[in-house]
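Proteins come first, then strands; the chains are lettered A, B, ... in the order of their sequence lines, and each starts at number 1. No experiment lies behind these values; they were computed from the predicted model shown.
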Amino acid sequence: MTDRTPERRTSRWYHDPFVRWTSGPICFQRRTIMDLPKAYTPRDVEPSIYERWLAADVFAPDGAGSTADPALPAFTIIQPPPNVTGSLHLGHAQRTAVEDLMIRHARLRGHRALFLPGLDHASIAAQFVLDRIIAAEGESREALGRERYLERMRAFSDSTRPVILDQQRRLGGSFDWGRLRYTMDDHSAKAVRVAFDRLYRAGLAYRTEALVNWCPGCQTSVSDLEVLSTPETGTLWSVRYHLIDPATGAPDPTETITVATTRPETILGDTAVAVHSDDARYAALIGRLARVPFVDRDVPIIADDVVDPAFGTGAVKITPAHDHDDHQTGLRHGLAAPSILADGGTIADTGTRYDGMDRYEARRAVVADLEARGDLAGSAPHEMVLGRCQRSGDVVEPRLKTQWFIRTGPLAERALEATRSGRTRILPERFEKTWEHWLTNIRDWNVSRQLWWGHRIPAWYCPDGHVTVSSVATGPVACEVCDRPAAELRQDPDIFDTWFSSGLWPFSTLGWPDDTPDLATHYPTSVMETGYDIIFFWVARMMMLGLELTGEEPFHTVYLSGLIRDPQGAKMSKTKGNVVDPLGMIDEAGADALRFALIHGTTTGNDQRFGPAKLEHARNFANKLWNAARYVLGARPLTIPADAERRLPDERHVGPADRWLRSRAVATTTAVDAAMAGYAFGEVTRLVYDAIWNEYCDWGLELAKVRLTDEQLGPEAREATWWTLVEVLDTYLRLLHPVMPFITEAIWAALPHRATDPELLIVARWPGVGERDEAAEREVGALIELVGEIRNARASARLPAADWLETLVYVPPAMGPTFEALRRGVERLARARPLLRELTPEALEAATMPGDLTVIVTGGGVEAAVRVGAAHDQAADLERERLEHDLAEAQGWLAAARERLANASFVARAPAAVVAGARAREAELAEQVDRLRARLSG
RNA sequence: GGGCGGUUAGCUCAGCUGGUCAGAGCGCCUCGCUUACACCGAGGAGGUCACUGGUUCGAACCCAGUACCGCCCACCA
């Protein structure tokens, strides 16, 4: 299948014929939320919300529904493309959640936010999957042949493609589907050709014979990154090579040099034996010849200081064609490098009986034969590090091959400069070190792959061996050197490493190499979010290629996510069978809950364990929010019409609790802004969660309930309170929308809107930061604390929860109006009635009776006595215990505070504000201790 | 052989540039009148922040070292 970037974006879901989508049963109109069940059911909400977004064309920065401010810079995230043949796992879900969070936040802030979706052809990974499928059908890649195989692959990827796209949508990703790209689409193909052509002309791509990592299982070369070093126990064999008698030219039966090897079969490719130049044992032998067994080749004994005299026998056999060290040694000494392996890992071209044997079979045979002829000097178990293919697990064999390489030196230099100068920032910062280390020690990048599925290398060779690289889709018309016509040229059969096209992703997706408006607007992109495990594979390559080809850093920030692990901390993998399908979780708890769960309580770059508990927590939160919204909508005073346009609360009638709630929202917004600026998304969810649950619901709604049902208040007061609830809820919905887009959109749809608001929250505006109301926060805060203390006293005295307790209370005169305004709220929440106000602490003291419970809130100077009554004998004792406990605690704190202040250095050297704070604290505690003491003695 | 990260309540984890930071969720214990929510509400218990030194008026937070756990990089046969 061939993807095209559509000329015109549609407002509909991606025009892929394979994608089917049924909408949910409920179409959200305004104010229908109350018709929905008490328990939030995401299944009824999420699909239709997504449909609304699509219909409104709000995802595209230039879509019909966009409200972006063109004066602001664009904000762009090009998504790391998942494999076209794969399906989404939790890691993907997390990435999409984080990326979409950033995108939605930027969109709410008015930036032209582009979230560009895509798919990767995943050349070797996809071949692996398809090969297994056709093997099950009794087919094979070889039998099909290149063309038919590729056809099959195209059909296969067309069939798998909708799966992952559908999953992305279920997650709620606000992708601009009209800009969907694929690393194998025509445009990417062009970008690959042009990129390679430019690199070639700049001398940064070259073809040479070099030792490459060959995977016999995959039958292709792989890059250094795809080779995993695994420690394993092998065998170190010692083999005697017979020296050549200079007189006779024949091997001496007794004079030998013993070499050590872990791969005896490579004897067949030996062209020298090396010793250290200072090694006295072998000094006399340097320059003489030794006979290589089986192949009967006489090779020189050479001196080379790479040899460690302490290892093995101090003499090393040199196999330049199959060992990296030996290859270097061979080059230094001008040694021949005969190859002894075929593509499939069998021995070849040695002219011995081992030809055709598998490398391990040959190893056993060689050892046996050496033993038979008495030249095996010994063998011992040996701890070593083997290079294995990341994909197949096969032991990788170094082989000499003529292939294409990218000269990384100059590219890496520029990539390092990008981070060193701060033009690109890597988060978390610690990864800059590994980045530095890798790029500083980087080796040239082998980009040739002997695979079929991928971009064919646009290099042609003429019969004379001339090389022609062309960026033209149809290939060159003639040899660049000798003008032979195209018909006589042969294209390189190899394809590119899949990461080559991935490396162009941030700009090829925007139209590069063409000069497109998208490239001008959205490049360089904003944030590259991806897992830290592919920082080298991908991020470094994008940086290198981006700088070289576009002259600019492809992104200003690299945000590296940690890995998702199972609840036991194990990495999720298909082979372990602990991979969880995110769709199941979405079905169960909703995409919002999944997104929240994946972000909450995490820190950038740190792995997280993920299990059902987190999901449940997030679902509960969604449910809490849902029900809070249901309450607010249902509590609308009758004096406000159902379809009223949004009004701000009337300042003349708002109560202290309203001001408190509003001020807390300001505080939360400020904190969220700071967290967002620091990419601390776990902190963002924590802040909003706490604000909604512990402030808005626990106190805001509870206090509002009292006011909304207070017959003594006029309608203006009730209206002001209700509008406050709406306003603050609205603020929290905006703050939460980037994390939980569906539920916030759904609730928002049911709330009255401002005249300036758009129809949809997704394109509304991020909350501005207003003024804190310090007095309201302090005074209402004190009363909230008072309620808590009364509840505490009630519980520790084992008083029945249902009883209303007569309570005396003293509040400082300054707080009088606030207290009176909240009196009924305090009564209800503390279940204290009647609540009698005493005018002085002394009056309170005088009015109490033995056994009364006393609670003191130091911060606001509030004090209360709860009248227990005679019915509760043991209450007095229990209360005494509590008071003693409180007193001991307060005394402890007081002692600590005094000790601190007694320290002359502290007073002298600590900042004035800290000292003042400590003094105030001391005074408060002293007062509290006094009162508790008085209480206990009285 | 280099480099990085982690070690904080029973479990999973927050804790930004040192000064109420000893927190959250789950779990646990007690209780539940109250129609937004039992996917809930109220109260509570639980930690010498791995260890040892140091810097500082003050350290979970900075420095040095130690011990475990994990990850990445590395061409010694």
Asker: Using atom CZ of A:R443 as one end and atom C1' of B:rC73 as the other, report the distance to the nearest whole Å.
Answerer: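 Atom-to-atom, A:R443 to B:rC73, this comes out as 12 Å.
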
Asker: Roughly how many Å apart are B:rC13 and B:rU52, using the P atom of each and rounding to a whole number?
Answerer: 25 Å

Asker: Please give, in whole Å, the distance from B:rG3 P to A:I535 CD1?
Answerer: 18 Å

Asker: Roughly how many Å is it from CG in A:N694 to C1' in B:rA24, rounded to a whole number?
Answerer: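 Answer to the nearest Å: 9 Å.
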
Asker: What's the base orientation of B:rG46: syn (chi within 90° of 0) or anti?
Answerer: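 Chi for B:rG46 falls in the syn range.
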
Asker: The criterion is side-chain hydrogen bond (donor to acceptor under 3.5 Å, both in side chains); which residues satisfy it with A:T721, sequence neighbours excluded?
Answerer: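 A:T721 satisfies side-chain hydrogen bond (donor to acceptor under 3.5 Å, both in side chains) with A:D658, A:R707 only.
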
Asker: Answer with base, sugar-phosphate or nothing: what part of the nucleic acid does A:R921 contact at a heavy-atom distance below 4.0 Å?
Answerer: base

Asker: Is a donor-acceptor pair below 3.5 Å formed from side chain A:R831 to base B:rC33, judging by atom type as modelled?
Answerer: yes

Asker: Given the C1' atoms of B:rU12 and B:rC51, what is the spacing between them in whole Å?
Answerer: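 The same atom, C1', in both gives a distance of 24 Å.
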
Asker: Going by the rule salt bridge (Lys or Arg N to Asp or Glu O under 4.0 Å), which residues pair with A:D270 if we only count those two or more places apart in sequence or in a different chain?
Answerer: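 Expected list: A:K317.
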
Asker: Under the rule for side chain to side chain contact (heavy atoms under 4.5 Å, CB included), what residues qualify as partners of A:P320, not counting sequence neighbours?
Answerer: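 Side chain to side chain contact (heavy atoms under 4.5 Å, CB included) list for A:P320, sorted by chain: A:T271, A:I318, A:L335, A:A337.
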
Asker: Using the test salt bridge (Lys or Arg N to Asp or Glu O under 4.0 Å), find all partners of A:R900 that sit at least two apart in sequence or belong to another chain.
Answerer: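 Result, salt bridge (Lys or Arg N to Asp or Glu O under 4.0 Å) vs A:R900: none returned.
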
Asker: Rounded to whole Å, how long is the line connecting atom CG of A:D323 with atom C1' of B:rC76?
Answerer: 9 Å

Asker: Expressed as a whole number of angstroms, how long is the span from A:L799:CG to B:rG32:P?
Answerer: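 One finds 13 Å between P of B:rG32 and CG of A:L799, rounded.
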
Asker: Could you state the atom-to-atom distance from CZ of A:F431 to P of B:rC72 in whole Å?
Answerer: 11 Å

Asker: Does any pair with a residue in residues 915-926 of chain A pass side-chain hydrogen bond (donor to acceptor under 3.5 Å, both in side chains), and if so which ones, sequence neighbours excluded?
Answerer: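 Sorted pair list: A:R898-A:E922.
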
Asker: Distance check, P atoms only: B:rA45 and B:rU35, in whole angstrom units.
Answerer: 30 Å

Asker: Does A:K624 count as lying over the ring of A:Y40, i.e. NZ or CZ under 6.0 Å from the six-ring centre, within 45 degrees of the axis?
Answerer: no

Asker: Determine the Euclidean distance between corresponding C1' atoms of B:rG18 and B:rC49; express it in Å to zero decimal places.
Answerer: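 Pairwise C1' distance, B:rC49 against B:rG18, rounds to 15 Å.
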
Asker: Can you check the distance between B:rG6 and B:rG15, where both ends of the measurement are the P atom (answer in whole Å)?
Answerer: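 So the two P atoms sit 10 Å from each other.
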
Asker: Within the 3.5 Å criterion, strictly below it, is a donor on A:D326 or A:T329 matched to an acceptor on the partner's side chain?
Answerer: no

Asker: According to a 3.5 Å limit on both distances, what stems of 3 or more consecutive Watson-Crick or G-U pairs are formed with RNA chain B?
Answerer: B:1-7 with B:67-73, B:10-13 with B:23-26, B:28-32 with B:40-44, B:50-54 with B:62-66

Asker: Both A:R565 and A:T261 contact RNA chain B. Which one's nearest nucleotide lies toward the 5' end?
Answerer: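 Result of the comparison: A:R565.
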
Asker: Please identify each residue that fulfils ring-ring contact (aromatic ring centres under 6.0 Å, His included) with A:F536, with sequence neighbours left out.
Answerer: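 Partners of A:F536 under the ring-ring contact (aromatic ring centres under 6.0 Å, His included) test: A:W438.
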
Asker: When the ring planes of A:Y559 and A:F681 are compared, do they come out parallel, tilted or perpendicular, using 30° and 60° as the limits?
Answerer: tilted

Asker: Would you kindly give the CD-to-C1' distance between A:E899 and B:rU20, to the nearest whole Å?
Answerer: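 Between C1' of B:rU20 and CD of A:E899: 16 Å.
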
Asker: Please pick, from B:rA36, B:rG19, B:rA74, the nucleotide with the shortest atom-to-atom distance to any side-chain atom of A:R900.
Answerer: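 The listed nucleotide nearest to A:R900's side chain is B:rG19.
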
Asker: As a test of reading the structure: which of B:rC4, B:rG25, B:rC33 is closest to the side chain of A:Y689, going by heavy atoms?
Answerer: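 So the nucleotide nearest the side chain must be B:rG25.
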
Asker: Check nucleotides 8-14 of chain B against the protein and report each pair of N or O atoms closer than 3.5 Å, with its distance, or say if there are none.
Answerer:
unit_1	atom_1	unit_2	atom_2	d
B:rU12	OP1	A:R609	NH1	3.3
B:rC13	OP1	A:R609	NE	3.2
B:rC13	O2'	A:G601	O	2.9
B:rA14	OP1	A:T603	OG1	2.7

Asker: Kindly write out the residues that satisfy salt bridge (Lys or Arg N to Asp or Glu O under 4.0 Å) with A:R565, not counting sequence neighbours, or none if the list is empty.
Answerer: A:D607

Asker: Scan A:A910 against the nucleic acid and name what it touches under 4.0 Å (heavy atoms): base, sugar-phosphate only, or nothing.
Answerer: base

Asker: Using a heavy-atom cut-off of under 4.0 Å over every strand shown, decide if A:T434 touches base, sugar-phosphate, or nothing.
Answerer: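 It contacts nothing in the nucleic acid.
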
Asker: When you compare B:rU48 with B:rA22, how far apart are their P atoms, in angstrom units rounded to a whole number?
Answerer: 15 Å

Asker: State plainly whether the residues A:E397 and A:R359 are in salt-bridge range, i.e. N to O under 4.0 Å.
Answerer: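 Yes.
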
Asker: With sequence neighbours excluded, what pairs up with A:E588 under the salt bridge (Lys or Arg N to Asp or Glu O under 4.0 Å) test?
Answerer: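 Partners of A:E588 by the salt bridge (Lys or Arg N to Asp or Glu O under 4.0 Å) criterion come out as none, since no residue qualifies.
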
Asker: For A:K614, which residues count as a side chain to side chain contact (heavy atoms under 4.5 Å, CB included) partner, sequence neighbours excluded?
Answerer: A:A597, A:Q608, A:F610

Asker: When the C1' atoms of B:rC26 and B:rC40 are compared, how many Å lie between them, rounded to an integer?
Answerer: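 Comparing C1' positions in B:rC40 and B:rC26 gives a spacing of 16 Å.
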
Asker: Expressed in whole Å, how much space separates the C1' atoms belonging to B:rC63 and B:rA24?
Answerer: 30 Å

Asker: May I ask you to decide whether A:R609 forms a salt bridge with A:D566, counting only side-chain N to carboxylate O separations under 4.0 Å?
Answerer: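 Looking at A:R609 and A:D566, the cut-off is not met.
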
Asker: Would you mind telling me which of B:rA74, B:rA36, B:rG5 lies closest to the side-chain atoms of A:L701?
Answerer: B:rA36

Asker: Once you round it to whole Å, what is the distance between P of B:rG3 and CD of A:E432?
Answerer: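 That distance rounds to 18 Å.
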
Asker: Determine, for nucleotides 37-48 of chain B in 5'-to-3' order, which nucleotides have protein heavy atoms under 4.0 Å from the base (write B), from only the sugar-phosphate (write S), or from neither (write -).
Answerer: B-BSSSSS----

Asker: What does A:D308 touch in the nucleic acid at a heavy-atom separation under 4.0 angstrom: a base, only the sugar-phosphate, or nothing?
Answerer: base

